Structures are given as C-alpha cells and as structure tokens.
Amino acid sequence: MSDNQKPILVFGATGQQGGSVAAALLKAGWPVRAFVRDPASPNSLALRDAGAELVEGRLEDAAAIRRAMEGAYGVFSVQPSSPSGTVSDAEEERFGTAIADLAVESGVRHVVYTSVIHRGDAPTGLGHFDSKIRIEAHLRALPTTFTIVRPGSFMEMLAMPGFGLDAARFDFFLRRDQSMPFVAVEDIGKFVAAVFADPARFGGETLDLFGDVLTGAELEALFTQAAGRPIAYARFTEAVLAENPFLARLTALVDNGRLSAEGDLAALRRINPELQTFRTWLAGGGRRAFEQALGTSGTWAYNQA
Ligand SMILES: NC(=O)c1ccc[n+]([C@@H]2O[C@H](COP(=O)([O-])OP(=O)(O)OC[C@H]3O[C@@H](n4cnc5c(N)ncnc54)[C@H](OP(=O)(O)O)[C@@H]3O)[C@@H](O)[C@H]2O)c1
C-alpha cells in the first residue's frame, strides 16, 4: 500500500483544529481516521458522513491510542489545554508526549504536532504555553519525522462575546500600535494538509501559522468597517489586568515580544494559497459569529486565572 493510501490519525477531530485538519485531509484525498471519545456525538457522525473512519478512545487510554495508530501513515496531534477547564497543564503535557512516543513505537512515518506561536524556549509563566514548549522539546528528541506547526490566536476568538463588541468597544491585550498574529481555524487544516503532502520539505520544520498580523488600531478599523459603525479599540485597563493574572500574563507576553510571529505572509500564502486575512474572514466564515457578538453581552470564557 502506498503511503497516501494509509490513513492519517487525527486527534481532536470533533474540535476546532482537528476538525479543520480532518476536512482538509479528506479534501486532499487522504484516508482519515478520527480519534473520538463518543462515536455517536453529532460531530463524530458528521465526520463519519464526510468519509472519516471513527476510532473510539480517550487521551488517557494508551492501549486505545496504540490500536488507533495501527497501520497509520501519519498523526495529527492536538491536546486540550488548561484554559478550557477540562485538563491540567501536566495532563496536556502527558497526553502530548504519550502520542509522540506511541507514534514512534507504532512506526508512524510523519507526526504533525500543533503548538502555539511563541518566541524562545524559556518558560513563559503561562502553563498552557509552557506545556507546549515541553512537548515540542520531547518531540524533537525522538527518532521520527515530525513537523511542529504553531498557530497564532484564532480569529474565531476575536468574534466571541465578552470583548465589548455589544457596547461598540473591543478590549484586548494589544496596545494600539502593538501587533499580534492571527489565523482562521479553517486555514490550520489547509496548512497541515500541505505539510503531510510534502514530508521532504516540512520534515523537522517548525512553522508559525498566521493569516494576518494586526495592531489594536487595525482591529478597530476592521471591526468598524465590518460593523458599519464605530467600534472603539482599547487595551485592557490596568484595573482589569490587576484583577486577572491570566490576562496580565498574556499581556506581558505581548509586551516582551514572546507572541510575535516569525516568517512572512507571502511565504505562507505560497503554502496555502487560500489563506484568509482578518478582513476576508470577517466577511466570510466569521460573519455570523461577528454579528452574534455584536448583539451579545457576556464575559470572555477564557478569562479565568
Ligand atoms: N484559541 C486559540 O487562539 C489557540 C491558539 C493556538 C493554540 N491553541 C491551542 O489549541 C488547543 C485546543 O485545540 P482546539 O481549539 O482545536 O480544541 P477544541 O476545539 O476544544 O477541541 C478539543 C478536542 O479534543 C477532544 N478531547 C478533549 N478531551 C479529550 C480526551 N480526554 N480524550 C480524547 N479526546 C479529547 C475533544 O473531543 P470531544 O468532542 O469529545 O469533546 C475535541 O475533539 C489547546 O492546546 C490550545 O492551547 C489555541
């Protein structure tokens, strides 16, 4: 059987990144094996209907992961992280390193691990960044072909209720003149499909994934244009940051350059010609979420320390 007739095992396939990867791999003609907790869930059934093979298992269950890897060509590895409230940082690290070890043991040819954009390997002080830095280091030491992709903040996050859009504001980490990289979740899958298609080029590589790099002032202009009325951008106030150590640590990472992107958009667009800017995402796939956020009050779900 040639390599691209063997399946790629996709973790988190019912979630954002894994779902995007499963869709892009199926479109590219790969057999996709989706590792799911509940094969009867609506997202699992949608994957099956789209052509994926479902294998049932949990990240806690090494035997299930081993079974799922049998005969697989590749693995896409993603783990939930502590801001979701469902796992600890230590669990994220354990799950990520176990998948890498089991892939080597199972003879998987290409492991693609999704981390997060960060500069430098020194601890950041944010648990769900540092867990990823340790998983990356573990992977690099293994005798296997791997690629690390590091997505920027998801554009989807910018259209979540809780940043003030319902009150014609947008409050975020950046100062007006500071920039940060963002990516549409749909593009993560397209990049990962390109990586699996060319292991000779991407094997051993680490690639930042982003479709736009935006300042606070640019976010203000794009939101204002998309809403058709003024949306005022402001950085979180010192009082908000003093009350919330999680936001304060993220903001400090922006300030000291640890969340900046490496690489350039032209090169990324050559890998993924359909790469979306925030403007195109807001007018397309993100439009509905943005309109909902304009009309929904609430607090950001990830704002717990
Ligand atoms: N948000 C951002 O801007 C951003 C940027 C860069 C990186 N990240 C990182 O992205 C990661 C999360 O990715 P995502 O947003 O794609 O996640 P997500 O949408 O929350 O999906 C999580 C997936 O993991 C599965 N899962 C959860 N616990 C499991 C378990 N114990 N066993 C098996 N499967 C399990 C879920 O399955 P069920 O359907 O069964 O729940 C789901 O498919 C985090 O590590 C985060 O730090 C986020």
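What you see is a predicted model, and the numbers here were worked out from it, not measured in a lab.
In the model, T124 has no side-chain atom that pairs as donor or acceptor with a side-chain atom of R249 under 3.5 Å. Using a 3.5 Å distance cut-off with no hydrogens or angles, the side chains of E93 and S131 do not pair a donor with an acceptor. Side chains of E136 and S115: a donor-acceptor N/O pair is present below 3.5 angstrom, by distance only. Side chains of S77 and Q79: a donor-acceptor N/O pair is present below 3.5 angstrom, by distance only.
To the nearest 0.5 Å, atom CZ of residue R33 and atom CG of residue L25 are 13.5 Å apart. In this structure, CD on E92 lies 11.5 Å from CZ on R94, to the nearest 0.5 angstrom. Interatomic distance, CG of L247 versus CZ of F172, reported as 9.5 Å (0.5 Å rounding). Taking CG of L253 as the start and CD1 of I117 as the end, the distance is 13.0 Å to the nearest 0.5 Å. With rounding to the nearest 0.5 angstrom, the CZ atom of R109 is 11.5 Å from the CD1 atom of I8. To the nearest 0.5 Å, the span separating CG on L158 from CG on L222 amounts to 10.0 Å.
Classification of R150 and E262 as a salt-bridged pair fails, no side-chain N sitting under 4.0 Å from a carboxylate O. By the 4.0 Å N-to-carboxylate-O rule, R119 lies close enough to D208 to be salt-bridged with it. Ion pairing between a basic and an acidic side chain is recognised when a charged N comes within 4.0 Å of a carboxylate O; E70 and R66 show no such pairing. For the pair E274 and K190, the salt-bridge criterion is met [side-chain N within less than 4.0 Å of a carboxylate O].
Under the 4.5 Å side-chain contact rule for hydrophobic residues, V87 and V36 do not share a cluster. No continuous path of ILVMFWY side-chain contacts below 4.5 Å connects M157 to I188, so the two sit in separate hydrophobic clusters. The cluster map of Ile, Leu, Val, Met, Phe, Trp and Tyr, joined by side-chain heavy atoms under 4.5 Å apart, puts L26 and V112 in the same cluster. Hydrophobic clustering keeps L265 apart from L219 (ILVMFWY residues linked when any side-chain heavy atoms are closer than 4.5 Å, directly or through intermediates). By the criterion of side-chain heavy atoms lying less than 4.5 angstrom apart, applied directly or through intervening Ile, Leu, Val, Met, Phe, Trp or Tyr residues, M160 is grouped together with V116 in one hydrophobic cluster.
Considering all non-hydrogen atoms of both residues, T147 and F202 come closest at OG1-O, 2.8 Å. In plain terms, the two heavy atoms of V55 and A68 that are nearest each other are CG2-CB, 3.8 Å. Counting all heavy atoms, side chain and backbone alike, G216 lies closest to L174 at N-CD1, 3.9 Å. Nearest heavy-atom pair across A40 and L45 is O-CD1, 3.6 Å. Across every non-hydrogen atom of E243 and P245, the tightest pair is O-CD, 3.6 Å. Between V183 and P151 the shortest heavy-atom distance is CG1-CB, 4.0 Å.
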Q) Can you check side-chain contact (heavy atoms from CB on, under 4.5 Å) on L294 and D166, steps first, answer last? A) CA-CA 4 Å; L294 285 174; D166 60 306; over 6 Å; no

Q. What do the steps show when you test L275 against F191 for side-chain contact (heavy atoms from CB on, under 4.5 Å), and what is the final call?
A. CA-CA 9 Å; L275 187 60; F191 279 118; 3.6 Å; yes

Q) When you look at R279 and T277, which way does the side-chain contact (heavy atoms from CB on, under 4.5 Å) test go after all the steps? A) CA-CA 5 Å; R279 185 193 300 274; T277 62; 3.8 Å; yes

(Q) Could you go through F210 and F182, starting from their C-alpha distance and side-chain angles, then the distance that decides it, and tell me whether this counts as side-chain contact (heavy atoms from CB on, under 4.5 Å)? (A) CA-CA 5 Å; F210 52 98; F182 297 95; over 6 Å; no

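A donor-acceptor pair is defined here as one N or O able to donate and one able to accept, closer than 3.5 Å; no such pair exists between the side chain of S84 and the backbone of P80. T224 places a side-chain N or O within 3.5 Å of a backbone atom of I231 that can act as its donor or acceptor partner. Using a distance-only test at 3.5 Å, with no hydrogens or angles considered, a donor-acceptor pair links the side chain of E220 to the main chain of Y233. Side-chain atoms of R48 never come within 3.5 Å of backbone atoms of P39 as a donor-acceptor pair (strictly under, hydrogens ignored). Checking side-chain atoms of D212 against main-chain N and O of P181 turns up no donor-acceptor pair under 3.5 Å. Listed for the R175 side chain is no donor-acceptor partner under 3.5 Å among the backbone atoms of R235. T251 places no side-chain N or O within 3.5 Å of a backbone atom of F173 that could act as its donor or acceptor partner. Remark: side-chain polar atoms of E91 are paired, donor with acceptor, to backbone N or O of S88 under 3.5 angstrom. Counting only distance, with no hydrogens or angles, the side chain of E156 and the backbone of V185 share a donor-acceptor pair below 3.5 Å. The backbone N or O of V108 sits nowhere less than 3.5 Å from a side-chain atom of S106 that would complete a donor-acceptor pair.
Contact of the R287 side chain with the W281 side chain is not registered, since no non-hydrogen atoms from C-beta on lie closer than 4.5 Å. A heavy-atom distance below 4.5 Å is found between the side chains of F196 and H110. Side-chain contact between I65 and F11 is present, with at least one heavy-atom pair separated by less than 4.5 Å. Residues L214 and M180 form no side-chain contact, since every pair of their non-hydrogen atoms from C-beta on lies 4.5 Å or further apart. Between D89 and D130 the shortest side-chain heavy-atom distance does not fall below 4.5 Å. No side-chain heavy atom of Q5 sits less than 4.5 Å from a side-chain heavy atom of W30. At least one side-chain heavy atom of V254 sits under 4.5 Å from a side-chain heavy atom of L259. Side-chain contact between L209 and D187 is absent, with no heavy atoms from C-beta onward closer than 4.5 Å.
Less than 6.0 angstrom separates the ring centroid of F278 from the ring centroid of F223. A centroid separation of 6.0 Å or more is found between the aromatic rings of F146 and H138.
Among residues two or more places apart in sequence or in another chain, the side chain to side chain donor-acceptor pair (under 3.5 Å) test is passed with Q17 by T114.
Between F236 and F163, the ring planes are tilted. Angles from 30° to 60° get that label.
Residue E186 qualifies as open at atom CD: its count of foreign heavy atoms under 6.0 Å is 12 or below.
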